[in-house]
Amino acid sequence: MVKYGLDYTRCRWILPLLLGIGVIFGIIALAGRGWLESQTLPYVHQASLWESCTRPSQGGDWSCESLMGYAWGRAAAATYLVGFLLLVICFALAIIAFAIDTLRFNFIRGIGGLLFVAAVFSVMGLVIYPVKFSSEIEMTGINMFSWAYGFGWTTAIMEICLGFFFCCLPNYEDQILGNVKPTYFYSSP
């Protein structure tokens, strides 16, 4: 990849592949029931982005309450979902941009800007959820924000990092396409 840059056929698909991994992580975060879980015995609390489930004792049945009845629950779900939908749009645009033989670098910079907007929405949802959940939902014992919440943060961090990469990539257009002569720092005597 160092020798050929993004003009090399196999290496040009790394960015869309990373966006695809971000989409998969976002799906796991949206569908996962592990946003919040009880950390110690009794394991009586489990929550997702959509609902909060409790049970009276270790072996009892789970009773779930929708978080969509709360304004903050709708806000957290909506902002994270908007961020995820923007990520999916960026993924589709990246596939289109890198499928064309000649890279469109101004198009790539626009994808980077859209990724930053997606990251803002995702982070808003990821911040609203724990702040309001811990203040408005009664919790028993020690609880932790768990694996699905971590996938949500991983998606947001990937959006930020890939946004920087997509925005900075056009600055090196000539080097990537091989239009610059190599500079040698050796001078002959």
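Because only heavy atoms are used, hydrogens play no part in the values below, and waters and symmetry mates are left out as well, while side chains stay in. One-based numbering along the sequence shown. Bear in mind the structure is a predicted one, so any value in this text is a computation, not a measurement.
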Please answer whether the main-chain N or O of [Y] pairs with a side-chain N or O of [X] as donor and acceptor at a distance below 3.5 Å.
X	Y	value
Ser146	Leu36	no
Ser48	Arg33	no
Glu51	Ser66	no
Arg55	Asp61	no
Tyr149	Met144	no

Problem set entry | Trp72 and Glu136: side chain donor to acceptor below 3.5 Å | yes
Over all atoms of both residues, closest heavy-atom pair of [X] and [Y]:
X	Y	answer
Glu37	Gln46	OE2-NE2, 4.0 Å
Ile108	Ala97	CG1-CB, 4.4 Å
Cys167	Gly113	SG-N, 3.8 Å
Ala156	Ala119	O-CB, 4.2 Å
Ala47	Phe133	CB-CZ, 3.7 Å
Pro130	Phe145	CB-CZ, 3.3 Å

Would you say the side chain of [Y] lies within less than 4.5 Å of the side chain of [X], judging by non-hydrogen atoms?
X	Y	answer
Leu87	Phe25	no
Leu114	Phe166	no
Ser122	Thr79	no

For this session: List for me each residue that meets disulfide bond (SG atoms under 2.5 Å apart) alongside Cys161, sequence neighbours excluded, and say none if there are none.
Result: none
Nearest 0.5 Å, what's the [atom1]-[atom2] distance between [X] and [Y]?
X	Y	atom1	atom2	value
Phe165	Ile111	CZ	CD1	12.5 Å
Leu19	Ile24	CG	CD1	11.5 Å
Thr155	Ile27	OG1	CD1	9.5 Å
Leu93	Phe107	CG	CZ	4.5 Å
Phe91	Ile95	CZ	CD1	3.5 Å
His45	Ile137	NE2	CD1	6.5 Å

Exercise. Can we call the ring centroids of Tyr129 and Trp35 under 6.0 Å apart?
Worked result: yes
Exercise. With sequence neighbours excluded, what pairs up with Ser134 under the side-chain contact (heavy atoms from CB on, under 4.5 Å) test?
Worked result: Met139
Exercise. Looking at Val117, Leu85, Leu115, Leu162, which hits side chain to side chain contact (heavy atoms under 4.5 Å, CB included) with Cys90?
Worked result: Leu115
Exercise. Side chain to side chain contact (heavy atoms under 4.5 Å, CB included) with Met124: which of Val120, Val127, Leu126?
Worked result: Val120
Seminar exercise, completed: Under a side-chain separation threshold of 4.5 Å, the hydrophobic residues clustered together with Ile160 are Phe116, Phe164
Exercise. Is it the case that more than 12 heavy atoms not belonging to Phe121 sit under 6.0 Å from its CZ atom?
Worked result: no
Exercise. With the 4.5 Å side-chain cut-off for hydrophobic clustering, are Tyr80 and Ile157 part of the same group?
Worked result: no
